[in-house]
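Both ligands and their constituent atoms are indexed starting at 1 by order of listing. None of these values were measured; they are calculated from a predicted model. One-based numbering along the sequence shown.
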Amino acid sequence: MGPALLRSDVGSAAIEVDVSPGRSLTQRARNAVASRLTEHGGKQVAFAPSGGLPSRDVWTVADLRDAAALHRATSSTDDRVAVYVMVVDGVFDHPDTPAPDPGVVGVAFQASAFALFADEIPSGGLLVSRGEYEEAVAVHELGHLFGLVNLTGHGAFHEDADHEGHSRNDGSVMYWALEFAGPLQELFEGGPPSTFDADDRTEMEAIRGSV
Ligand SMILES: [Zn+2]
């Protein structure tokens, strides 16, 4: 998926946002995902109609995949990539941990799909809005769909040895802590980063050039 999302010879992208009852994605986060696809992938972006998702207390990767298989209406073609965003209630249950993981705010679980855990995203405060957190998390997960960090073998030079798949730079949106509610609030007092740094861009260039 990485190269197709990043290469402008695949000229358009469709974003589908499906939501659990009562959940939504801010316009700010929608705009951020669309603009990064345009900026880094050369895409004309359109939003597909939104659909509904079930409500669950706990979501495993298998649950996310099952719901995507049932509810996703868009798929990629030769000249259009489809990006699927699930905005769900409940908490994530990571396959490597024995119990559910409160505090996880997002996960990329398929080549063209990611989930945001709406109830886990900080609700914002005086200085940082909920929309800013949502934007950062959504762009982070999109970055994983791009292939960052080192998911396609092009980013070892800036991968955090202690946090696989993530940047060692806390000024990059691909920093590991972007996926966890606690650090999201404590580490990023002026608001979490929502843009890709120079190393991320260098890696994207390598992914773009790969087949
Ligand atoms: Zn991540």
Go through the steps to decide whether Asp199 and Thr202 satisfy the test side-chain hydrogen bond (donor to acceptor under 3.5 Å, both in side chains), and finish with yes or no.
CA-CA 5 Å; Asp199 288 339; Thr202 298; 5.0 Å; no
Atom name of the N, O or S atom of His166 nearest to the Zn ion (ligand 1) is NE2
Quick check on the Zn ion (ligand 1): does Glu141 put an N/O/S atom closer than 2.8 Å to it?
no
Side-chain donor-acceptor pair present, Arg28, Ser194, cut-off under 3.5 Å:
no
Does Val139 belong to the same Ile/Leu/Val/Met/Phe/Trp/Tyr cluster as Leu151, with side-chain heavy atoms less than 4.5 Å apart forming each link?
no
Between OE1 of Glu179 and NE2 of His140, what angle is found at the Zn ion (ligand 1), rounded to 10 degrees?
110°
For the backbone of Phe196 and the side chain of Ser172, can you confirm whether one donor and one acceptor N or O come within less than 3.5 Å of each other?
no
